[in-house]
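All remarks here apply to the structure that follows.
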Number of protein chains: 2
Amino acid sequence: MYGTYHKETTMAVLRNYPADLDPRVIDVIGRVADKWTMIVLDVLSEHGELRFSKLAQLASGISQKMLTQTVRQLERDGLVIRTIHPVIPPKVEYRLTDLGVSLAEALCGVWVWAAHNVDRIAASRRNYDNRSGD
Amino acid sequence: MYGTYHKETTMAVLRNYPADLDPRVIDVIGRVADKWTMIVLDVLSEHGELRFSKLAQLASGISQKMLTQTVRQLERDGLVIRTIHPVIPPKVEYRLTDLGVSLAEALCGVWVWAAHNVDRIAASRRNYDNRSGD
DNA sequence: CAGTATCCAGTCTGATACTG
DNA sequence: CAGTATCAGACTGGATACTG
């Protein structure tokens with residue numbers, strides 16, 4: 001997610017882009033390919049509309065700052081709708097838009113894959129680390 | 001991807017994890033949810049076995065450093081196999097393992113989603129930015 | 001409650017130079 | 001060719017303090 005500021009001074013520029021990967025799509029991927037984004041999207045798709053505090057509670061380990069930042073980006077990209085209820089104390093609720101739901105569905109496969117292969121990956125890492133640190 | 005060093009001092013710890021999301025799965029997601037990881041995986045799944053330089057060429061915008069780092073992680077996690085051909089000049093080739101292929105397939109849906117919705121997202125952003133900067 | 005503002009250590013990045 | 005080593009700067013996420 002730092003790629004946003006790379007000044008086109010990398011290898012690819014030497015041969016003016018393979019045009020294989022559309023920069024605009026890459027940009028979107030850069031947004032989606034973020035741990036907190038994936039987690040928030042997942043929580044929201046599993047629990048429906050949630051208020052800020054509940055969302056924080058369910059998104060294991062997120063800080064208030066990151067949660068705010070993440071939901072703002074999601075809102076900007078049209079994936080989440082933020083509803084402010086004018087009451088005291090404040091009540092703000094978040095829910096996925098149709099677009100957000102469709103992304104959550106696409107990401108679902110990744111979650112399933114991850115859950116299904118944790119052990120295999122852990123084993124591979126142990127193996128790799130033993131080789132190196134022989 | 002910075003989550004690896006968070007010292008359990010965030011909100012979730014206050015109510016000792018909802019246990020909803022498995023920390024080990026979160027860790028895997030953290031690895032996968034990375035721009036370069038997704039791009040390299042995608043390129044490798046589309047082009048089959050590739051040597052370092054070709055991979056760099058196809059993964060638009062990646063620096064040598066990040067490519068090396070990314071393929072090392074993928075190798076460690078058992079998603080990619082690195083073959084060193086003992087010739088001069090050196091020739092190193094990378095290809096997906098079965099596990100890597102299965103992840104690439106899961107990610108494919110995300111790429112399709114991204115390509116399919118670039119315009120909608122761009123529009124949403126313009127809209128959002130106009131509201132703010134009224 | 002739901003943020004915003006600020007500070008800061010730690011991390012990531014790209015550039016450059018060098019090796020087998 | 002395929003790296004490794006190093007460096008400075010940009011950026012990150014978390015903690016803390018404060019507001020409507």
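Throughout, protein chains are lettered first and strands after them, A, B, ... in sequence-line order, and every chain is numbered starting at 1.
Separating the CG atom of A/Leu55 from the P atom of C/dA2 is a distance of 10 Å, rounded to the nearest angstrom. C/dC12 atom P lies 10 Å from atom CG of B/Asp34, rounded to whole Å. If you measure from atom CG of B/Leu67 to atom P of D/dC1, you get 14 Å, rounded to the nearest angstrom. The separation between B/Phe52 atom CZ and D/dG3 atom C1' is 7 Å, rounded to whole Å. Rounded to a whole Å, the CD atom of A/Gln57 is 15 Å from the C1' atom of C/dA2. Note: CD1 (B/Ile84) to P (D/dA2) measures 11 Å, nearest angstrom. B/Lys65 has its NZ atom 15 Å from the P atom of D/dA10, to the nearest Å. The distance between atom CD1 of A/Ile88 and atom C1' of C/dC1, rounded to the nearest whole Å, is 11 Å.
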Are A/Leu96 and A/Leu79 close enough, and set up right, to give a side chain to side chain contact (heavy atoms under 4.5 Å, CB included), and what steps lead you there?
CA-CA 6 Å; A/Leu96 297 180; A/Leu79 302 171; 5.6 Å; no

Under the side chain to side chain contact (heavy atoms under 4.5 Å, CB included) rule, what do A/Ile62 and A/Ile39 come out as? Steps first, then yes or no, please.
CA-CA 9 Å; A/Ile62 199 169; A/Ile39 291 178; over 6 Å; no

Evaluate side chain to side chain contact (heavy atoms under 4.5 Å, CB included) for A/Thr83 paired with A/Val92, printing each intermediate quantity in order.
CA-CA 6 Å; A/Thr83 312; A/Val92 180; over 6 Å; no

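Here salt bridge (Lys or Arg N to Asp or Glu O under 4.0 Å) pairs that include residues 77-95 of chain A, with residues two or more places apart or in two chains, are A/Arg31-A/Asp77, A/Glu49-A/Arg95, A/Asp77-B/Arg125. Within the structure, every pair that satisfies the salt bridge (Lys or Arg N to Asp or Glu O under 4.0 Å) test and touches residues 115-124 of chain B, not counting sequence neighbours, is listed here: A/Arg24-B/Asp119. Within the structure, no pair that satisfies the salt bridge (Lys or Arg N to Asp or Glu O under 4.0 Å) test touches residues 51-62 of chain B, not counting sequence neighbours.
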What side-chain donor-acceptor pairs closer than 3.5 Å can you find for residues 106-116 of chain B, not counting sequence neighbours?
{"residue": "B/Trp113", "atom": "NE1", "partner": "A/Ser102", "partner atom": "OG", "Å": "2.7"}

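Counting only Watson-Crick and G-U wobble pairs whose two distances sit under 3.5 Å, DNA chain C takes part in these stems of three or more pairs: C:1-20 with D:1-20.
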Report, one pair per line, the protein and nucleotides 16-20 of chain C atoms (nitrogen or oxygen only) whose separation is under 3.5 Å.
none

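Partners of B/Arg76 according to the salt bridge (Lys or Arg N to Asp or Glu O under 4.0 Å) rule, which considers only residues two or more places apart in sequence or in another chain, are A/Asp129. Residues passing the salt bridge (Lys or Arg N to Asp or Glu O under 4.0 Å) test with A/Asp98, sequence neighbours excluded: none.
In this structure, the nucleotide among C/dC1, C/dT13, C/dG3 sitting nearest to the side chain of B/Gln69 is C/dT13. Among the nucleotides C/dT4, D/dT6, D/dC1, the one closest to the side chain of A/Thr68 is C/dT4. In this structure, of C/dT4, D/dT6, D/dA2, it is C/dT4 that holds the atom nearest to the side chain of A/Arg72. Side-chain proximity of A/Ser63 to C/dG3, C/dT13, D/dG14: nearest is D/dG14.
Taking only side-chain nitrogens and oxygens, A/Arg51 never comes nearer than 4.0 Å to OP1 or OP2 of C/dC1.
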